[in-house]
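Right, one structure below, let's go through it.
None of these values were measured; they are calculated from a predicted model.
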Amino acid sequence: MTINNERLRDVMVSDVLIVIDLQSGLNSEDFPMARLDEVLSGVNERIAVYRDAGKPVIFVQHVDAELVIDSEDWRVMPELDARADDLYVNKTHANSFYKTELPVILAELNVEKIEFCGAQTEYCVDSTVRFAHGLGFDC
């Protein structure tokens, strides 16, 4: 993917980009995500920046009775540039660190600084950012 916005090329990158809950089942006609096309475009631009910098991208996916692992609703939105060699974490709580492999993955990658993006910023992203900050990560 080519980044058309020169300003985005110059933005500093963190050690890792974490994309939270941008899953097919979280957008519906009854409950559409606000400005979804813009969000997906912006997230793809950030993914491209991280790929160009050789930095990892982690996708966090919520799992519950409606977002069943391997179901179409559970999958990362197909418009995103998610690849097989990216890292994937399943969660069952708003906090992406709670009972997941995320802390181990970040330790193995020697991560100190994290950039977050995703869906439900007022809930799951916010919960995860606050917890990450409490653990000492630069967010």
Side-chain angles (χ1 to χ4, degrees):
M1 164 183 246
T2 303
I3 299 172
N4 296 324
N5 187 335
E6 285 295 321
R7 184 181 63 77
L8 285 175
R9 287 182 202 252
D10 298 329
V11 173
M12 290 181 52
V13 296
S14 296
D15 298 325
V16 65
L17 175 66
I18 298 180
V19 181
I20 300 174
D21 291 351
L22 280 173
Q23 295 166 257
S24 295
L26 294 176
N27 183 55
S28 68
E29 287 184 24
D30 293 334
F31 300 101
M33 289 185 178
R35 301 168 56 186
L36 182 59
D37 290 341
E38 292 174 48
V39 170
L40 294 173
S41 176
V43 171
N44 276 331
E45 287 177 357
R46 294 308 296 156
I47 290 171
V49 167
Y50 276 78
R51 292 199 199 294
D52 288 348
K55 302 285 186 170
V57 177
I58 300 173
F59 289 90
V60 177
Q61 294 166 268
H62 196 82
V63 176
D64 61 21
E66 295 172 358
L67 298 169
V68 178
I69 292 176
D70 292 329
S71 70
E72 197 59 40
D73 285 345
W74 168 83
R75 296 191 196 293
V76 171
M77 291 183 173
E79 299 87 351
L80 289 174
D81 185 19
R83 299 180 184 175
D85 60 342
D86 290 324
L87 300 167
Y88 295 85
V89 173
N90 289 318
K91 68 176 180 65
T92 57
H93 189 275
N95 173 1
S96 299
F97 287 90
Y98 181 74
K99 295 185 178 181
T100 71
E101 298 174 3
L102 186 58
V104 173
I105 292 169
L106 298 177
E108 288 174 354
L109 295 171
N110 296 311
V111 169
E112 295 178 4
K113 189 173 183 181
I114 305 171
E115 179 177 342
F116 293 95
C117 59
Q120 300 179 330
T121 55
E122 76 287 357
Y123 189 52
C124 295
V125 175
D126 180 65
S127 297
T128 301
V129 170
R130 289 174 187 265
F131 199 82
H133 186 264
L135 291 174
F137 290 102
D138 183 3
C139 306

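Partner of Glu79 under the side-chain contact (heavy atoms from CB on, under 4.5 Å) criterion, chosen from Leu22, Leu36, Leu40, Val39: Leu40.
Of all heavy-atom pairs between Leu17 and Cys117, the closest is CD1-SG, 3.9 Å. When all heavy atoms of Cys124 and Ile20 are compared, the closest pair comes out as CB-CG2, 4.1 Å. Here the closest non-hydrogen pair linking Leu67 and Gln23 is CD1-NE2, 4.2 Å. When all heavy atoms of Asp81 and Phe59 are compared, the closest pair comes out as O-CZ, 4.3 Å. Scanning both residues, Phe137 and Leu106, for their nearest heavy atoms gives CZ-CD1, 3.9 Å. Nearest heavy atom pair, residue Val60 against residue Lys91, reads CG1-CD, 3.5 Å.
Counting heavy-atom neighbours within 6.0 Å of Tyr88 OH, excluding the residue itself, gives a total above 12.
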request  = Show your working on side-chain contact (heavy atoms from CB on, under 4.5 Å) between Val76 and Val19 and close with a plain yes or no.
outcome  = CA-CA 10 Å; Val76 171; Val19 181; over 6 Å; no
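No path of Ile, Leu, Val, Met, Phe, Trp and Tyr side chains, each step under 4.5 Å between heavy atoms, connects Leu26 with Tyr123, placing them in separate hydrophobic clusters. No path of Ile, Leu, Val, Met, Phe, Trp and Tyr side chains, each step under 4.5 Å between heavy atoms, connects Ile47 with Val16, placing them in separate hydrophobic clusters. Under a hydrophobic clustering in which Ile, Leu, Val, Met, Phe, Trp and Tyr are joined whenever their side-chain heavy atoms come within less than 4.5 Å, directly or via other members, Phe116 and Leu80 fall into different clusters. There is a path of hydrophobic side-chain contacts, each under 4.5 Å, that joins Ile105 to Leu135. Taken together through direct or relayed side-chain contacts under 4.5 Å among Ile, Leu, Val, Met, Phe, Trp and Tyr, Val57 and Met77 form part of one hydrophobic cluster.
Counting only distance, with no hydrogens or angles, the side chain of Asn44 and the backbone of Ser41 share no donor-acceptor pair below 3.5 Å. The backbone N or O of Trp74 lies less than 3.5 Å from a partner atom in the side chain of Gln61, making a donor-acceptor pair. Although no hydrogens or angles enter the test, the distance criterion places a donor-acceptor pair under 3.5 Å between the side chain of Thr128 and the main chain of Ser96.
In this structure, Ser71 OG and Glu66 CD are separated by 10.0 Å, a value rounded to the nearest 0.5 Å. Taken to the nearest 0.5 Å, the NZ atom of Lys55 stands 12.0 Å off from the CZ atom of Arg46. Interatomic distance, CZ of Phe131 versus CG of Asp126, reported as 13.5 Å (0.5 Å rounding). Considering CZ of Arg75 and OG of Ser24, their distance stands at 8.5 Å, rounded to 0.5 Å.
Annotation: side chain of Glu101 is not in contact with side chain of Asn90 (no heavy-atom distance under 4.5 Å). Using a 4.5 Å heavy-atom cutoff, the side chains of Glu112 and Asp138 are not in contact. Contact of the Pro56 side chain with the Asp86 side chain is not registered, since no non-hydrogen atoms from C-beta on lie closer than 4.5 Å.
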